[in-house]
Amino acid sequence: MENTLIITVENCNFYYGTYRALTDVTMGFERNRVTALIGPSGCGKSTLLRLLNRMNDLIDNTRVEGRIFFEGTDIYGKEVDPVEIRRRIGMVFQKPNPFPKSIYNNITYGPRLMGVKKKSDLEALVEESLKQAVLWDEVKDILGRSAMTLSGGQQQRLCIARALAMKPDVLLMDEPTSALDPISTAKIEELIEALKKELTIIIVTHNMQQAARISDRTGFFYLGRLIEYDDTAKIFTNPQVKQTEDYITGRFG
Amino acid sequence: MEERRHTSRAYERELQEVKENLLYLGALTEKAISRGIQALLERNSELAREIIEGDGAIDRLDREIEERCIRLLALRQPAARDLRFITTAIKINGHLERIGDMVVKICEKVLLLNEEPQLKPYIDLPRMAEIARGMVKESLDALVGEDLALANKVRGDDEIVDRLNEQIFRELLTFMMEDPRTIHRALLIMQISKTLERISDHAKGMADMIVYMITGRNVRHETADTET
């Protein structure tokens, strides 16, 4: 069982100053699965997501308690390099945030920093990543054009391609489709389904139908606590905790 | 347990309306079973014809409930308890409509039986009908009260009706062997008995769905005593 889990969170508490955003969260994320984190605004789901690749390090006056293991290594251990963690655990945000550079340079930016210099390697990486993100056919002839000229949906897929170019093991997605139209959303969802063969995906979403459609496992958070965590089909047809039921049936608050 | 109201009052009301319509359909069906058997016992052909004509109301309500459920599924994307309720409502609706059709079949046989002298006094048939009607009623009570024990009782009652049907079959067989002139009437009574047995199967199907609605566990095609 243990080796099917790529990330495990143990008794995790998180504080913004004195405000406790997460309380005693313990959960495991399964390899090559899509796990959705759902819950009302302020429930701690995005906070947890950012903890998984140490993005919260960048916020002042925060504190983590408990332990988070990635492939058996405590990612908050002293010897651990957060940059390396973020390479292996990539992230895609709510609003597409391409660099104001060409499509090509958006993809190669990270790999270049990591030391990939050879042009043919970089070109291969661009093509592979864009194909993985199902964007290649749309942009292969305009790779030199600014990423800012792409549509919102294309920009988001570019951001996914940019994350994939770093060959991550895990992709964290924080409401990746909330700013997109239904067709772009469907493309990203299809992409998530395809990507899970190669990596593990953890997604925060406010769209419950989306969680139901694309995830294998769903965790429901409320007031900083993990209330229920189970197979997605179970959560959406027969949740065991009343708070979960109230939330997913729209009887909350 | 305290019931929370849905954020959307309209949604809450639509769910409630489906439930009320279903109960009304159930009441119509129950009444049809009682009156069908009454037509048999009283040899009342006029009543039998009235019931046959009345089935249209059951069919119309069946369509209306199904349309409401489909609209709820399409527009509200229900989940969990609501989803289980709506899928249960669609299935129960179908069962009730079929029961209505079966009562029509019984009444058609009653009309034929009334053209000939009565073969025998009816003792087990009204018992069967009463149990089957009670199963329909109790299923709907279990739906309203989310009463798992009652739903399971209904599932068990199906056995009693099955046994009565077998008993009637054996009894009628003796009539037919003794006097071939009774065959036509005996066969009609057998068909009525078989139809009542199928009505109780439908009521059991309803109770199975109610167990699913309450617990999320699918017990269809299990007998009441094989479950854990």
Side-chain angles (χ1 to χ4, degrees), chain A residues 34-43 45 175 177-178 180-183 185-186 189 203-223 226-253, chain B residues 1-19 68-92 142-148 151-152 207-220 222 227-228:
Chain A
V34 178
T35 301
L37 308 179
I38 62 169
S41 297
C43 70
K45 56 195 188 301
E175 297 192 52
T177 63
S178 64
L180 305 182
D181 68 61
I183 291 172
T185 298
E189 288 182 1
I203 178 169
V204 161
T205 178
H206 272 295
N207 179 336
M208 277 188 287
Q209 275 73 46
Q210 179 170 70
R213 277 194 299 270
I214 63 172
S215 70
D216 303 296
R217 304 270 292 167
T218 296
F220 169 63
F221 285 79
Y222 184 56
L223 298 177
L226 177 63
I227 304 296
E228 187 166 356
Y229 183 36
D230 212 326
D231 289 342
T232 297
K234 181 92 186 288
I235 292 280
F236 283 91
T237 59
N238 194 16
Q240 299 301 297
V241 182
K242 184 148 193 320
Q243 278 169 310
T244 315
E245 175 126 54
D246 285 341
Y247 181 69
I248 64 166
T249 58
R251 288 179 177 77
F252 222 80
Chain B
M1 200 170 352
E2 182 225 357
E3 283 297 313
R4 277 175 177 269
R5 297 189 68 83
H6 195 275
T7 324
S8 162
R9 290 273 184 82
Y11 176 46
E12 195 84 57
R13 197 172 55 240
E14 286 163 25
L15 285 170
Q16 189 55 34
E17 281 168 1
V18 167
K19 192 181 262 186
R68 279 173 186 263
C69 289
I70 290 170
R71 206 172 59 219
L72 276 165
L73 287 173
L75 303 185
R76 303 288 188 176
Q77 287 103 36
R81 192 158 46 108
D82 298 337
L83 179 64
R84 299 203 305 274
F85 167 70
I86 292 170
T87 46
T88 298
I90 291 173
K91 288 253 188 182
I92 286 185
L143 172 85
V144 173
E146 300 196 7
D147 186 338
L148 189 59
N152 276 321
D208 288 347
M209 283 310 295
I210 289 157
V211 171
Y212 168 73
M213 185 190 84
I214 299 169
T215 65
R217 208 164 62 82
N218 191 335
V219 294
R220 283 163 58 223
E222 287 174 20
E227 68 186 66
T228 49

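A note on names: the letters A, B, ... follow the listed sequences, proteins ahead of strands, and every chain is numbered from 1.
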Turns out that what part of B:Leu15 lies under 4.5 Å from chain A's heavy atoms comes down to side chain
Chain A heavy atoms under 4.5 Å from B:Thr215: which part of the residue, side chain, backbone, both or neither?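 Just its backbone gets close to chain A.
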Does some side-chain heavy atom of A:Leu37 sit less than 4.5 Å from a side-chain heavy atom of A:Ile203?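 The answer is no, as the side chains (C-beta and beyond) never meet within the 4.5 Å cut-off.
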Non-neighbouring partners of B:Tyr212 that pass ring pair (Phe, Tyr, Trp, His ring centres under 6.0 Å), sequence neighbours left out: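 Per chain and number, B:Tyr212 pairs via ring pair (Phe, Tyr, Trp, His ring centres under 6.0 Å) with no residue.
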NZ/NE/NH1/NH2 to OD/OE distance under 4.0 Å, A:Arg251 and B:Glu12: yes
With a 4.0 Å cut-off on N to O distance, would you call B:Arg76 and B:Glu14 a salt bridge?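 Counted as a salt bridge, because a side-chain N and a carboxylate O are separated by less than 4.0 Å.
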So which of B:Ala80, B:Ala79, B:Gly216 has the biggest tally of heavy-atom pairs under 4.5 Å with chain A? B:Ala80
